[in-house]
Colleague: 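Pasting in a structure now, in C-alpha cells, and then I'll have a few things to ask.
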Amino acid sequence: MKTTSIKQPTNDPVVNIVLDTLEKNKQALVFVNAKRSAEKVAEDIARFLRKSKSKQNNELADEILHALPKPTKQCEKLAEVVLYEIAFHHAGLTSKQKELIEDNFRAGKIKIICCTPTLAAGIDTPAYRTIIRDLKRFGVRGYTYIPVLEYLQMSGRAGRPRYDTEGQSIVITTTESEKEAVVEKYVNGEPEDIVSKLAVEPVLRTYILSLIASEFVATKKQLVNFFSKTFWAHQFEDMERLEKIIDRMIRTLEDFEFIETKKSDFVSADEINDEKLKATEIGKRIAQLYIDPLTAHNFIESIRKSGVNKPSSFGLLQIISYSLEIRPRLSIKAKDHNDYTSMAVEYTDELLVPEPQMFEPEYDDFIDSIKTAHFFSEWIEEKDDEYLLEKFDVRPGESRAKLEIANWLLYANEELAKLTAHPLFAREVSKLRVRLKYGAKEELLSLLRLREIGRVRARLLFNNSIKDLGDVKKVDFMKLKQLLGENIAKIVKEQVGEKVEEIKETKRKGQTSLGKFSKKGLNKGS
DNA sequence: GGACGGTGAAACTTCAGGTTGCCTC
DNA sequence: GAAGTTTCACCGTCC
C-alpha cells in the first residue's frame with residue numbers, strides 16, 4: 001500500500017483531506033453517520049475556505065435558498081456553504097435541493113458533499129475520493145459497526161469509470177488498534193451473507209394475502225409449495241416449522257375475515273389434508289392497497305368504533321400514526337414526555353384505537369403516535385416548514401416523505417370505510433386527505449380545488465375575503481391579478497367559467513417563473 | 001459592587017435511509 | 001459510544 005502525506009493546516013483530519021482534494025482539483029464525498037454531522041462538517045470546511053476563497057455559485061445558492069415558499073434554517077445553511085462549493089446531503093433536504101446538489105456536483109460546481117448514507121447507493125458521481133469519517137452508527141443494538149456491504153457501497157462511490165481512472169476510499173480512525181480492526185473487518189474482510197426479508201410477520205401476512213387474492217394459489221398446499229421455493233425457505237431449511245408459521249398466518253387472515261377457508265370436497269388422497277383458500281371482497285381490496293393485513297384490521301376496528309359518529313381529524317391522524325407503515329414515528333424526547341401524556345388524555349374522547357395502559361409495552365408506541373398525529377395536525381393547521389423543523393426537529397424532506405405515506409394510509413382508510421358502509425367516515429377522511437396534501441385548514445378546502453392554488457395562494461385569497469368558488473367568480477379580475485399575478489389569475493378565472501381576454505405577449509416580461517406554471521395549466525385545460 | 005461577556009468543563013440529548021402502495025381531475 | 005448542544009460555574013473586564 002502506498003502512503004501519501006497530506007499537509008496538516010487544521011487539526012481536523014477530514015478538513016485536511018478535503019483541502020488536499022481541492023488542491024488536486026478533485027471532488028470528494030464525505031460520509032458521516034448523522035444528518036447533523038453532515039451539516040456541521042460542511043460548515044467546518046466552508047468556515048475554513050471563507051478565509052481563502054471568493055464566493056461563487058451565487059445563483060445556485062439562491063435557488064437552494066428558495067426551494068420552499070419560505071426558507072428554513074436548513075435552507076440558509078445549505079445556501080451558505082454552497083457559496084464555497086461545499087454541500088451537505090441527507091434525507092432532510094427537499095427533493096429539489098437534493099437534485100440541485102447532485103447535478104451540480106456532476107457539473108463540477110460543487111466540489112465536496114458531506115452526506116449520510118443517502119448518497120451511498122446507486123448514484124454515479126465524479127468523486128475521486130470518498131472520505132468515510134464514521135463506520136459506526138446508532139441502531140437497534142446500540143452504537144455498532146455498519147455492515148461491510150455498506151462500507152463497500154460507500155467506497156464504491158469513488159473513482160467511477162465514467163469520470164476517473166482511479167479512486168480513493170479513505171477511512172478516518174483515531175487509534176492504531178481501531179485502524180487494524182477496520183483494515184481487518186472492512187478492507188480485507190468478506191461482506192455479510194444476504195438475509196431474506198420475507199421472514200418478518202407483516203411482510204409474510206401481506207404476501208400470503210396477496211397470493212390468495214390474486215388467485216395465484218388456491219389451496220394451502222399450493223401456498224406452502226410456493227414458499228418452499230423462496231429464498232426464505234432456502235435459508236430457513238426447516239420446512240415443517242415454516243409450514244406452521246404459514247398456517248398461523250392463514251388463521252389470522254381468516255379471523256380478520258380477509259380470506260375464507262374450506263376443506264376440499266373431493267377427497268382424493270392428495271387433497272386429504274388440503275384446504276381451499278379464497279379472499280373475501282375486503283381481503284382483495286386490502287391486497288390491492290398493499291397494506292399489512294393487521295394494519296387493515298386495526299383500521300376497520302377503528303372505523304367500526306367510530307360508528308355513525310363523525311371522526312375528528314386528530315382521531316384519524318392518530319389511527320394512521322399508530323400503524324406499522326408510518327414508522328419510524330416521531331419519538332418522544334425527555335423534555336416533552338409530559339406534554340404528550342397529557343395530550344393523550346386531552347384527546348381521549350376522539351381516539352379510535354384501544355389505548356394501552358402506561359405500564360404496557362405498547363404504551364411507548366402509543367405516545368409516539370400521539371406526537372406523530374400532533375405533527376400532522378400542526379401541518380394541516382398551516383404551520384410552515386421552519387416551525388416543524390424547530391418544534392419537531394423534522395426537516396422538510398422528511399416531512400414530505402411522512403406526508404406521502406400518511407396520504408396512502410388515509411386513502412386505505414377511506415376505501416375500507418366505503419367497503420364497510422361508513423360513508424360519513426369515508427367523507428371525513430377524504431377531506432382530511434386534501435388538507436394533508438396541501439397543509440391547509442378546513443376553511444380553504446373549497447379554494448384548493450382550483451388548479452394552481454395551493455395553501456399559500458388559497459390563504460392569500462381567503463384573507464382577502466375570497467373564500468370560495470363563488471367569491472372567485474364574483475371578484476374583479478384586476479383584484480385577482482393583483483393578488484396572484486396575471487397568468488395565475490387568468491387560469492383561476494377560467495376554472496370558474498369566466499372568460500378572460502387574451503393577454504398580450506408584451507405584457508409577459510418579468511413573469512418567467514410563472515411561465516412554467518401557466519403553460520402547464522393551460523395545456524391541462526385544453 | 002454588579003452587570004456583562006467569554007471560556008471551558010460537565011451534563012444532557014440524540015443518533016441513516018430506502019422500498020412498496022393508491023388515485024387524479 | 002460519541003458527537004453535538006446546552007447549561008452553568010468561573011473569571012476578567014468595564015462602568
Side-chain angles (χ1 to χ4, degrees), chain A residues 12 14 31-41 43-44 88-93 95 98 114-123 132-147 149-151 153-154 172-175 178 197-198 200 202-203 206-207 209-210 213 285-293 295-296 299 320 323-328 330-337 392-395 397-398 400-416 418 426 429-430 433-434 436-437 448-453 495 520-521 523-526:
Chain A
D12 184 338
V14 174
F31 284 101
V32 295
N33 65 4
K35 292 194 272 285
R36 212 187 272 165
S37 297
E39 294 176 14
K40 186 165 178 294
V41 173
E43 286 181 310
D44 286 348
F88 54 84
H89 189 292
H90 53 58
L93 305 189
S95 45
K98 280 190 249 180
C114 305
C115 59
T116 56
T118 20
L119 278 186
I123 301 173
I132 303 171
R133 195 197 67 177
D134 303 323
L135 276 173
K136 285 181 172 178
R137 193 184 305 136
F138 192 86
V140 269
R141 272 183 232 93
Y143 196 72
T144 49
Y145 276 114
I146 60 167
L149 275 170
E150 265 191 59
Y151 162 78
Q153 281 290 356
M154 295 193 282
I172 309 285
T173 57
T174 47
T175 63
E178 193 190 350
K197 294 210 169 186
L198 199 54
V200 201
V203 179
T206 308
Y207 280 103
L209 180 60
S210 159
R285 192 72 186 107
I286 289 161
Q288 281 173 358
L289 293 168
Y290 208 78
I291 52 176
D292 176 7
T295 298
F299 284 176
I320 59 165
S323 72
L324 290 179
E325 282 84 345
I326 204 86
R327 289 185 307 181
L330 275 66
S331 60
I332 298 283
K333 321 270 182 210
K335 63 171 186 281
D336 54 25
H337 190 268
F392 296 97
D393 197 27
V394 175
R395 296 160 179 80
E398 298 165 297
R400 291 302 176 281
K402 276 272 171 290
L403 288 166
E404 202 183 312
I405 297 171
N407 181 45
W408 160 47
L409 293 171
L410 283 177
Y411 175 74
N413 262 290
E414 190 180 339
E415 291 299 295
L416 292 173
K418 282 182 197 160
V429 175
S430 173
R433 280 181 65 208
V434 179
L436 202 70
K437 181 177 170 189
L448 289 170
R449 284 161 58 194
L450 294 165
R451 212 170 53 228
E452 300 299 338
I453 299 296
Q495 290 176 77
K520 186 173 141 209
N523 285 345
K524 262 187 186 177
S526 56

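Here is how names work: the chains are called A, B, and so on, in the same order as the sequence lines, proteins then strands, and each is numbered from 1. Predicted, not measured: the structure shown is a model, and the values here were computed from it.
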Colleague: Just how far, in rounded Å, is C1' of dA16(B) from CD of Glu39(A)?
Modeller: 14 Å
Colleague: Of the candidate nucleotides dC15(B), dG17(B), dC23(B), which contains the atom at the shortest distance from the side chain of Arg433(A)?
Modeller: dC23(B)
Colleague: With side-chain contact (heavy atoms from CB on, under 4.5 Å) as the criterion, how do Ile286(A) and Leu209(A) come out once you've worked through the C-alpha distance, each side chain's angles and the decisive distance to 0.1 Å?
Modeller: CA-CA 8 Å; Ile286(A) 289 161; Leu209(A) 180 60; 3.7 Å; yes
Colleague: Just checking Gln288(A): base, sugar-phosphate only, or nothing, at a heavy-atom cut-off of under 4.0 Å?
Modeller: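 Here Gln288(A) touches the backbone only, sparing every base.
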Colleague: Considering only the P atoms, how many Å lie between dT5(C) and dA16(B), rounded to the nearest integer?
Modeller: 13 Å
Colleague: On DNA chain B, does the nearest nucleotide to Glu325(A) precede the nearest nucleotide to Glu150(A) from the 5' side, or the other way round? Give the residue.
Modeller: Glu150(A)
Colleague: With a distance cut-off below 6.0 Å to the six-membered ring centre and an angular limit of 45° from the axis, does Lys136(A) pair with Tyr145(A) as a cation-pi contact?
Modeller: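 Flagged: Lys136(A) positioned over aromatic ring of Tyr145(A).
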Colleague: Which nucleotide in the list dT20(B), dG18(B), dC15(B) gets nearest to the side chain of Ala34(A)?
Modeller: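 Nearest listed nucleotide: dC15(B).
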Colleague: How close do His337(A) and Ile332(A) get, counting heavy atoms only, and between which atoms?
Modeller: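 Closest approach of His337(A) to Ile332(A): CA-CG2, 3.6 Å.
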Colleague: Partner lookup for dA16(B), please. Criteria are Watson-Crick or G-U wobble with both distances under 3.5 angstrom; report none if nothing qualifies.
Modeller: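 Pairing partner: none.
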Colleague: If each of Arg395(A) and Thr118(A) is mapped to the nucleotide of DNA chain B with the nearest heavy atom, which maps nearer the 5' terminus, i.e. the 5' end?
Modeller: Arg395(A)
Colleague: State whether the side chain of Glu398(A) and the backbone N or O of Val394(A) hold a donor-acceptor pair below 3.5 Å, judged by distance alone.
Modeller: no
Colleague: Starting the side chain at C-beta, find the nucleotide from dC23(B), dG1(C), dC15(B) nearest to Tyr143(A).
Modeller: dG1(C)
Colleague: Where the side chain of Pro117(A) is concerned, which of dT20(B), dA16(B), dC23(B) is the nearest nucleotide?
Modeller: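 Of the candidates, dA16(B) comes closest.
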Colleague: Could you tell me whether Asn407(A) contacts a base, only the sugar-phosphate backbone, or nothing, with contacts defined as non-hydrogen atoms closer than 4.0 Å?
Modeller: nothing
Colleague: Could you give the CG-to-P distance, from Asp393(A) to dG4(C), as a whole number of Å?
Modeller: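 One finds 15 Å between P of dG4(C) and CG of Asp393(A), rounded.
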Colleague: Under 4.0 Å from OP1 or OP2 of dC15(B): is there any side-chain N or O of Ser37(A) that close?
Modeller: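 The answer is no; no side-chain N or O of Ser37(A) sits under 4.0 Å from OP1 or OP2.
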Colleague: Hey, does Arg133(A) reach any base, or is it just sugar-phosphate, or nothing, if we go heavy atoms under 4.0 Å?
Modeller: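 If one applies the 4.0 Å heavy-atom cut-off, Arg133(A) turns out to touch the sugar-phosphate alone, with no base involved.
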Colleague: Just how far, in rounded Å, is P of dT14(B) from CD1 of Ile332(A)?
Modeller: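 Those two atoms, CD1 and P, are 11 Å apart.
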Colleague: Tell me: CD1 of Ile172(A) to P of dA3(C), nearest whole Å?
Modeller: 12 Å
Colleague: Looking only at atom P, what distance separates dG17(B) and dG4(C), rounded to whole Å?
Modeller: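 Their P atoms lie roughly 15 Å apart.
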Colleague: Find the distance Asn33(A):CG to dC15(B):P and express it as a whole number of Å.
Modeller: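 The distance from CG of Asn33(A) to P of dC15(B) comes to 11 Å, rounded to the nearest Å.
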Colleague: Side chain of Lys333(A) only, please: which of dC22(B), dA16(B), dT14(B) is the nearest?
Modeller: dT14(B)
Colleague: If only side-chain N and O atoms of Lys35(A) are considered, is one of them under 4.0 Å from the OP1 or OP2 phosphate oxygen of dA16(B)?
Modeller: yes
Colleague: Reckon Arg36(A) touches a base, only the sugar-phosphate, or nothing at all at heavy-atom distances under 4.0 Å?
Modeller: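 Sugar-phosphate, no base atom in range.
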Colleague: dA2(C) phosphate, OP1 or OP2: any side-chain N/O from Lys40(A) under 4.0 angstrom?
Modeller: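 For Lys40(A), the contact criterion (side-chain N or O under 4.0 Å from OP1 or OP2 of dA2(C)) is not met.
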Colleague: Considering only dG18(B), dA16(B), dG1(C), which nucleotide approaches the side chain of Arg137(A) most closely?
Modeller: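 Closest nucleotide to the Arg137(A) side chain: dA16(B).
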Colleague: Are Glu43(A) and Lys40(A) ion-paired here, with the side-chain N under 4.0 Å from a carboxylate O?
Modeller: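 No, this pair does not count.
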Colleague: Could you tell me whether Glu404(A) contacts a base, only the sugar-phosphate backbone, or nothing, with contacts defined as non-hydrogen atoms closer than 4.0 Å?
Modeller: base
Colleague: Side chain of Ser430(A), backbone of Ala426(A): donor and acceptor closer than 3.5 Å?
Modeller: no
Colleague: Hey, is the main chain of Phe88(A) close enough, under 3.5 Å, to the side chain of Glu39(A) for a donor-acceptor pair?
Modeller: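 Side chain of Glu39(A) to backbone of Phe88(A), a donor-acceptor pair under 3.5 Å: no, none is there.
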Colleague: Check the distance between dC22(B)'s P and Phe299(A)'s CZ and give it to me in whole angstrom.
Modeller: 15 Å
Colleague: Calculate the interatomic distance between Lys197(A) atom NZ and dG18(B) atom P; express it in whole Å.
Modeller: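 It works out to 13 Å between those atoms.
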Colleague: Could you check whether Tyr411(A) and the base of dC22(B) form a stacked pair, meaning centres closer than 5.5 Å and planes differing by less than 30°?
Modeller: no
Colleague: Calculate the interatomic distance between Arg327(A) atom CZ and dG17(B) atom P; express it in whole Å.
Modeller: 17 Å
